[in-house]
Every structure is written in C-alpha cells, then in structure tokens.
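Below, read A as the first sequence line, B as the second, and so on, with proteins coming before strands; counting in each chain starts at 1. What you are looking at is a predicted structure, and each value in this text was computed from that prediction instead of being measured.
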Amino acid sequence: MKEIEKTYDFKEWERFLYSKWLDAKVFRATVDEARGKRVFTIMMPPPNVTGNIHMGHVLDNTIQDVVARFKRMTGYYVLWQPGTDHAGIATQNVVERELKKEGKTRWEVGREEFIKRVWEWKEKYGNLIIESLKKLGISPDWDRLRFTLDDGYSKAVIEAFVRLYEAGLIYRGYRLINWCPRCGTALADDEVEREEESGYIYYLRYPLTEGGYIVVATTRPETYLGDVAVAVNPQDERYKGLIGKRVKLPFVGKRVDAEGKEVYPEIPIISDESVDMGFGTGAVKITPAHDFNDWEIGEKHKLPKVQVIDFDGKINENGGEWKGLDRFEARERIVKAFANAGLLEKVEKHTYSPGRCYRCSTVIEPLPSLQWFVKMKPLAQKALEAYDKGELIIVPEMFGKVYKNWLENVKDWCISRQIWWGHRIPAYYGPDGEVFVGRNYEEALQKAEKRYGEKVELKQDEDVLDTWFSSWLWPFATLGWPEETEDLKVFYPTHFLQSGWDILFFWDARMIMAGLFFTGKVPFKVLYLHGLLRDKYGRKFSKSLGNFPDVFELLDKYGADGLRFGVMSLTPEGRDIRFDENQLLVGRNFANKMWNINRLINMYLEGEVDLVKPNPTKPYQKWALHMLGNYIDVITKNLENYEFDDYVKNLYHLIWSNVADWLVEASKPYIKEGKREALDVLLYVWINSLKLAHPIMPFITDAIYETLPLKNKEITLMKTEWPRREYEYPDEYEYFEDLKEAITVFRSIKDLVGIKSAPYRGDVDESFVFLAGAENGDAEIWVKIPSRFEVYIGLTREQKNKVVQKLNREREELLSVVSKVEKKLSSDFVHKAPKHVIENEREKYKTLKAKLSDIERQLEMLNG
RNA sequence: GGGCGCGUAGCUCAGGUGGUUAGAGCGCUCGUUUGACAUGCGAGAGGUCGGAGGUUCGACUCCUCCCGCGCCCACCA
C-alpha cells in the first residue's frame, strides 16, 4: 500500500498536475488532429490586459473549462481559444497614470513614444492575467494565445473596417456624441453609465425683449451660454401669446456657431410638441450643442449649434467672461450672476441620472463633433433573423427577448476614439479633405491619385477604433480571418460562447452581427449567459465598496477545485449570484472527502490493478451500480444542457450521500475480508464517479487518479472516456433504498434511547446488521421497525416509553396524511383524474395504511 | 414610458407541460474522537410555499389583481 497523506495538499498537487498537463500538451488543438473528428470550439472572452483576476474571470473560465473537459471526454476534439484584449481606453488610462507619476502627459511624450510605452507596459504586465487564470486549472490551448493588437489580428480589424466602408455601412458624420473630457475621447452610447444622483434644478428668468420674463428650468445652467431658443408646448395656454417673441440672454454677447455664423443673444420662443407641459415651468431652454433632445429640436427648427463647452470640459470663447472656466465652476458662477441680477427664481433639489464614462466615471459632456459610425440597422436585421430562424440558441431563453429588444432599437455605433492605443482608423485625407479608405497607405494613395490625377500626400486619420470594434471579430479573427485558413474551415463557426449578461450588447450581439456580415454565419451555436456575482447583500462588487474577494486569497484557502466547485454551485441560470464564501468551504471539504474515500480504497489495493466490469452479488452492490447509472444519466444531461448548478449538486450527492455514506460503508466488511467483487464494485463506481467529477474538479480527481495503482492509465482523466450506464437493477435498487430507510429508523431509535448498539431479531439482509449497528442478543421488549422488513429492535422496559412517544407522534402524522388521501379517494377525484394518477393514489393509500397498522399493532403490544 | 425577472425553512437556493407526507446545502440542536475523513460520523428540530380572488376533482405549480424587491432600455429641460 502506498502511503498517502492524510489531508489533500492542494497547493502541491495543483502545481504538479498543471505542469504535467502542459508538458503533455493535452490542451493542444491542431487542424491535423482535428480532421475527421467531431469538433467543438470555444472562444474565451479575452480578458483586458490591464485586468487583475477577479471573481468574474473565475466564473467565466470555470464554466468554459467544465464544458471543454466534458466535451473532450465525450469524444469531441476541443479547441478552446484563449487571448487578451488590448482594452483601448482602460489600458491607455493606466499608462497615462504611470506617466503622471513622472509628471508628464501623453501630449508631452508624443504619440509614438507613448505607444511604445504602452507596449512596454503590456509586455511587462499584460500576461499577468493569463498566469493568474492558469491557477484555476483551466484547459485552453495556450499555444494559440492571441491579442487583439497582434499583427494578424490588426490586419483583420483593418480589413473589417474597409469592407464595411465599401459596403456603405461605415460613414463619417458630424453628430452630437458622448464625450469624456477626462479620457479626451468620444464614447459609444453603451459606454455611458447612468445612475441616480441628487442634484439641483435651477429656475432661471430669461428677460423678454419687450419686457417681463419667462422662467426656464434647468439642471445645467452653464449651458445657457449655448442657448439658441426657448421652447414651449403649442397647447400650453400659459405661453400661447409668447410664441414668436424673443428673449435676450443676459451677460452674453454674440456667439459663433458651428458654421462660423454669428448668433445673437436675442433668441426666439418657439413651439414644439415634445415639450412636457408638466415638467418644470413648461418652458425649455434649447442648447443643441450640448443636449441630445435639444439637438433634435434644433435640427427640426433649423436652429444654429452654439458650442460653449470645449473638449477639455472648459468654457470656450462663446462664454464671454466665463471663458476658460471648468464647466462645474462656471455653473456656480453663472448661478451667482443670475441671483445677483434677480434672475434666479428658485433652486430645487432634483434627482437625475447624469451620464458617466464607464472607464473613469467622469460626467459625460454631449458635444458635436466629426466621428466615424457604423450603420447598425442592416447588421441588426440579420442578427434578428438568425435568432428567429433558430441559428442561435441563447441560454437562458429569457435573454433572447433582451437580445431582440436591443437589436430592434439599436442606434448607430460611434467607433472612433480620440486616443492613441488601438487600431488606427484606415482613413486617409487628401489635400482637400476628401476621404480615402484603404488597407494601407499605398492602397489609399492609389485611390487618391486616381481621383486627383496627380501625385498627392495623404494624411491618416488621427483616431483609433473602439476596442469593441476589434473584439467583435474575435471568433474568426483569432482563426486567421480574412485568410481562408484551415483553422477557420475546421474550427469555425464555434459552438459555445459564454459571458456575463452585462456584455450581451457590447460584445455578444456585435459578434453575431460581425459573424453574419463577414462570414455569413452565426459565430457560435450556443450563447450561454451567466448572472453577475454580487456580495452577500446583493450589491455589485465594486472598487469603491471594496467588497470583492481576492481571488488569490481564495485559491490559497480553498484550492482551485474548492473555488471552482463553490462558484459553480452558486450559479443559477441567468440570475445574479450572491457570493458566499461559505460555499467555497463546502467545495474544499468535498475535495477532502474525495481524498479520504480514495485513501480507504487505496488501502485495499495491491499491486497493479486491472479495471474490470464487476459481477455484483450482494444487494448493496447491485444498488450501487444502478445508482451510479442514475447519476451518469442525470449528470450527463445536466452538462449537455448547461445546467451547471444541478451538475454540481448531483455530483455532490452521488459522491458524498451515496458513495461515501452507503457504498463505502456497506463495502467495508467485505473488502476487509478481501472479497474480490466487493472491491471491483467499489473501484468501478469510484473511477466512474471521478470521471463525472473531473470537469469541475480537475485537480483532485487527477491527483486521486495518480495515486491509484491502475494498469494502462492515461495522462489525465480528461483523456478517458465519459461513463456510460452499464447496469440496470431497478428491483435491487428499490430493495436497498427501503433497507436504507429501515437502517435509518433503527439508528434513530438507538439515538433516541441513547445507545450505540442494540440487539435485533428478524430475517434481514446482512448489510442491515452491519450498517444499522445491530447485534445478536436478548431483550425485554421487541419493537418492529416500521418498514417492509420483518425486523425488530430489542429494548429494555425503560427505553420503551420514549419509543412509544415517537411511535405515537408518527401515528398522528400518518393519520392526518391517511385521512387526506381518504378524502381525496372519495371525492370527484376518482371520476375526473387520469387513471394512472388514481392508481398511484390507491397504491399510496395501501402503503400508508399498512405502515399505520404496523405502528398501531406495535403500540398495542407495547402498551399491553 | 417600454421590457425582463424575483418573493418557498434563520440564510442561499431546487421544485419541465398542475396530482410529492414540499426538498438541498449552510446554519442550528442532540449524540459521537470506532484505523478513510472532526474539512468527519449518526440522529433531529425548522416552512399556512408574499397577499387576495379565480380556473380545476386537485394549485407551490395556471389566470387576474394587489404588496414588496431587483435589473435592462428610454427619459430625466
């Protein structure tokens, strides 16, 4: 017998096994090997290079690893493609912060030097996240690691831009966009976050040119500088007479609009249906350059656009005396000026939701500017059709509605970013500003010279593309697109993509659009969306609350398997997950339990063991084999249907409540005697249980596999075949289930009267005697164990009373159930219910009645 | 305003197409250091399934309304 440590040392085993797996290249996926096999491809959502590992990564990757290992064991050839995302704004921010420590800005070091710095930073820290992920024991093909800014990938991004442009789905336009003054870039609509905040609403008096004033309500008084009209509802009786009149904005002279025209402070009062008479005063100031609604009203009424806040968040020349002030400071000063002039009617508290940058939380400033956009409608249309045709399965289904809802209302996507870290937009401008889009300078130049008919110099667009514009190509760009590679032919389209629902719009839906446009195929068959992890109070994990656990600490305390097990068992389909560290303890304990089951089994194994298909003889053995079959069926179904929490729960019950609590215990007397078939059965059930557990707990199962002296072992359980049901003993299964119940009753009576062992009498399977803790002997009183077995427990007269009490309680309970059933059987039920239901009910009635009379007979005897 | 979801034991949650004596894990109580494991073993206590109606022979399960909670999108002058 090999000496096996008493406690599972997960740290040592995890280190040993992971390098063993990597050395043996068991995660490798190549085209040559894949040919002719059933292929299953998973695309890892690329973590940001800036990212530290957090619970979201743990959940993401555990789910994928479970699927990857399960699929491999069920005969698929699996490619799990890993990689990282350059995460444009996020990474740029990190490096800018580094620079700031040196007292420099990116402008001071210049574009080229700055990008060099970011690359240096990426080389140094960019793979930390990957190394962290490896600690989880996950099984992607690391040799295929890709990066959204590596050479091949960048080529794909440029190609995608050019093709969309040529298809008329990318355009450049002057629009109002979300601007982050801190990051200094435009953002897409969904990169803006909104949360309720309390602030103020100011009531300003705008003097009418003919005397008197009209009051407007605003949360952003500083934008009054850019007002070009006041709007009221045409139905509003209060203002009917004022429509067409003018107000004169105080403290401000003439301003200059986007077209360079002068705009005077006397602005018209106009009418527009969209004005809500019930809000504020019913009179709205219109600032087309700094508000999305006002922009629309401005377009409708052909109003000028006066920009007053600049890209740095400061008031510009149009702001007169406030020029150069930060927008928030300007607000205070302007309110003061209104107040001093008697033009501030009142200030009220007000709850609203200002947009904030999803990368730095700075308040977004809507600004008009020239940006690049993707026309989304045509792409969305195809994505909708594909879903309706069933080319895509979304799990859980409920998110299908969310998906559709978004696609049906999607707006054009602003993809240009005024930062430096990313894929530079392949648009080049001629001397007259004409745009030429090309895969490279030469291609653009060719187009340009054809047009101009002479040699020209082109200047490339300064902006880079939104990070999501590169990651939406992930499922095929990682496989070599736009080349028609063998990888693409073999591994694409992919089969399983999982993510949190929070990036359904950012990433998942966009990948579907890109996949359909560029490859004509939905890029993955199944989209699995898991909920988001929250703390135990249901709050989001956030930096400011500091309520998120440290993954390394958790790995240290519970081991990778414990962490994986715990997180997965907490993961209901789709709904958010309250994280509870206690559940990890369950995972760790479970691993330890497995370790100790194995220690026991190992004690009785001698020499090299052949795995054989056992020939069961005892009832418990047949029960065990049938029971295993049940779990194989249900667990396989759980995994096929992506029901991960059920998988984990069933596994736990198989191994702990059945294998450990009953099979191992029932086996003990036989394996101690060296009975061959007892060991065969135990080993057979055990190996198969380990296989079932391997996808979620790869380390402990392989560690155990290492310790078992088996002949013809594979490198890892992952290389073995997934279990199939091989035994059916329904009768013996029922028999032993009933015996278990009788054993429990016997034990509970012992416990009730406070004895460790009790005499028994009767004709019953020998497992009963051992498991119930029964012995031969005499007794004053014999009490029948309520069950289908003719077996009695021997007690003294003193012990009797407690048992009588217990039996009485049971009798009461039974009586009430019986009367319920009786009532049912004498009602309309017997005429209207389906036959099998009635039959069931009658069967139940018989059983209950028998049990009841059993108890009553006992009570009579005991009382007599 | 549009959409989605939730409310079952102290806690976290299971309970396809209506028929179970309503389950699990944790926690709790009692007992227990017997050579696999105290990260353990054995035995228990604990729920009028948010509320009110309705459909039905029968509702935790279906319908309506109400109460409470959460989320997404839009709006927030």
List, with names and distances, any nitrogen or oxygen atoms from the protein found under 3.5 Å away from nitrogen or oxygen atoms belonging to nucleotides 24-26 of chain B.
| residue | atom | partner | partner atom | Å |
| --- | --- | --- | --- | --- |
| B:A24 | O3' | A:H653 | NE2 | 3.4 |
| B:C26 | O2' | A:N582 | ND2 | 2.3 |

Restricting to nitrogen or oxygen on both sides, can you table the protein-nucleotides 43-48 of chain B pairs closer than 3.5 Å?
| residue | atom | partner | partner atom | Å |
| --- | --- | --- | --- | --- |
| B:A43 | O2' | A:D751 | OD2 | 3.2 |

Polar pairs (N or O, both sides) under 3.5 Å between protein and nucleotides 68-75 of chain B?
| residue | atom | partner | partner atom | Å |
| --- | --- | --- | --- | --- |
| B:C75 | O3' | A:N293 | ND2 | 3.1 |

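In this structure, A:L176 CG and A:H290 NE2 are separated by 8.5 Å, a value rounded to the nearest 0.5 Å.
Of the C1' atoms belonging to B:U33 and B:G42, the separation is 14 Å, rounded to the nearest Å. B:U64 and B:U56 have their C1' atoms separated by 16 Å, given to the nearest Å. Here the separation of B:U20 from B:C62, taken at their P atoms, is 16 Å to the nearest Å. Between B:A24 and B:G3, the two C1' atoms lie 33 Å apart (nearest whole Å).
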Practice prompt. Please assess A:R220 against A:T287 for the test side chain to side chain contact (heavy atoms under 4.5 Å, CB included), listing each intermediate value before the final yes or no.
Written response: CA-CA 10 Å; A:R220 305 199 52 200; A:T287 325; over 6 Å; no
Worksheet item: Do A:K300 and A:S274 pass the side-chain hydrogen bond (donor to acceptor under 3.5 Å, both in side chains) test, and can you show the C-alpha distance, the side-chain angles, and the key distance before you say yes or no?
Response: CA-CA 11 Å; A:K300 207 158 102 191; A:S274 69; 5.3 Å; no
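Residue A:K637 is classed as having no contact, given no heavy-atom separation below 4.0 Å to the nucleic acid.
Distances were taken from every side-chain heavy atom of A:T7 (C-beta onward) to each of B:C41, B:U39, B:U21; the shortest belongs to B:U39. Proximity note for A:M603 (side chain, C-beta onward) versus B:G40, B:A14, B:A36: the nearest is B:A36. With distances taken from any side-chain atom of A:D661 to the nucleotides B:U21, B:U39, B:C41, the minimum falls on B:C41. The side chain of A:L848 lies closest to B:U21, out of B:U12, B:U21, B:A14.
Side chain of A:Y403 to main chain of A:A383: a donor-acceptor pair is present (N/O by atom type, distance under 3.5 Å, no hydrogens or angles). Looking only at distances, no side-chain donor or acceptor of A:D561 sits under 3.5 Å from a matching main-chain atom of A:G587.
Not a single donor-acceptor contact under 3.5 angstrom links the side-chain atoms of A:K401 to the base of B:C4. Scanning atom types as modelled, one donor and one acceptor separated by under 3.5 angstrom connect the side chain of A:E665 and the base of B:A36.
Applying the 4.0 Å criterion to OP1 and OP2 of B:U21, one finds that A:K844 has a side-chain N or O inside that range. Dashed line: the shortest gap from a side-chain N or O of A:N840 to OP1 or OP2 of B:G19 is not under 4.0 Å.
Relative ring orientation between A:F590 and A:W656 is described as parallel, the plane-to-plane angle staying below 30° on a 0-90° scale split at 30° and 60°.
The only member of A:E193, A:E197, A:E195 that meets salt bridge (Lys or Arg N to Asp or Glu O under 4.0 Å) when paired with A:R356 is A:E197.
Nearest approach of A:D854 to A:P786, heavy atoms of both residues: OD2-CA, 3.7 Å.
Residue-environment remark: NZ (A:K637) stays at or below the threshold of 12 foreign heavy atoms within 6.0 Å.
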